[in-house]
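Just so it is clear, the values below take in all heavy atoms, side chains as well, and ignore hydrogens, waters and symmetry mates.
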Amino acid sequence: MTSHHVSKSGVAYPDDLVLLKRIYDQVCEERGIIPGSPEASELAVQAMRLFSAGIFDEDTIGRRLRHG
């Protein structure tokens, strides 16, 4: 099992990026968002903001992106 690093500085490690990409892909598919669209870009920004604010839980990030 790969250890998960959590950054207190807001730096995303490779495992974090994989997590964020998985959530992003799921939410884009659920909401019918086209990758590369302005809406997709905003979703990515929101995901990174949540991560930078110290929210690392996949369910919490996904829920906020789906309802935010």
Evaluation steps, side chain to side chain contact (heavy atoms under 4.5 Å, CB included), between Arg64 and Gln46: CA-CA 9 Å; Arg64 292 204 180 176; Gln46 289 173 10; over 6 Å; no

About how many Å separate CG of Leu65 and CD of Glu30, when rounded to the nearest 0.5 Å? 10.0 Å

Measure the NZ-CG distance between Lys21 and Asp16 for me, rounded to the nearest 0.5 Å. 15.5 Å

Please say yes or no: joined through hydrophobic side-chain contacts below 4.5 Å, possibly via intermediate residues, are Tyr13 and Val18 part of one cluster? no

So which atom in Leu43 and which in Arg31 form the shortest heavy-atom distance, rounded to 0.1 Å? CD1-NH1, 3.9 Å

I need the minimum non-hydrogen distance between Ala40 and Cys28, along with the two atoms involved. CB-SG, 4.5 Å

Can you name the closest pair of heavy atoms from Leu17 and Ala12 and give their distance? CD2-CB, 3.7 Å

If you compare all heavy atoms of Leu19 against all heavy atoms of Phe56, which two are closest, and at what distance to 0.1 Å? CD2-O, 3.6 Å

If every non-hydrogen atom of Gly36 is compared with every non-hydrogen atom of Tyr24, which pair is closest and at what distance? N-OH, 4.4 Å

How long is the gap from OG1 on Thr60 to CD1 on Ile55, to the nearest 0.5 Å? 7.0 Å

What's the separation between atom CG in Asp57 and atom CG in Leu50, rounded to the nearest 0.5 Å? 11.0 Å

In this structure, CG of Asp15 is separated from CG of Leu20 (nearest 0.5 Å) by 11.0 Å

CG on Asp59 to CZ on Arg66, rounded to 0.5 Å: 8.0 Å

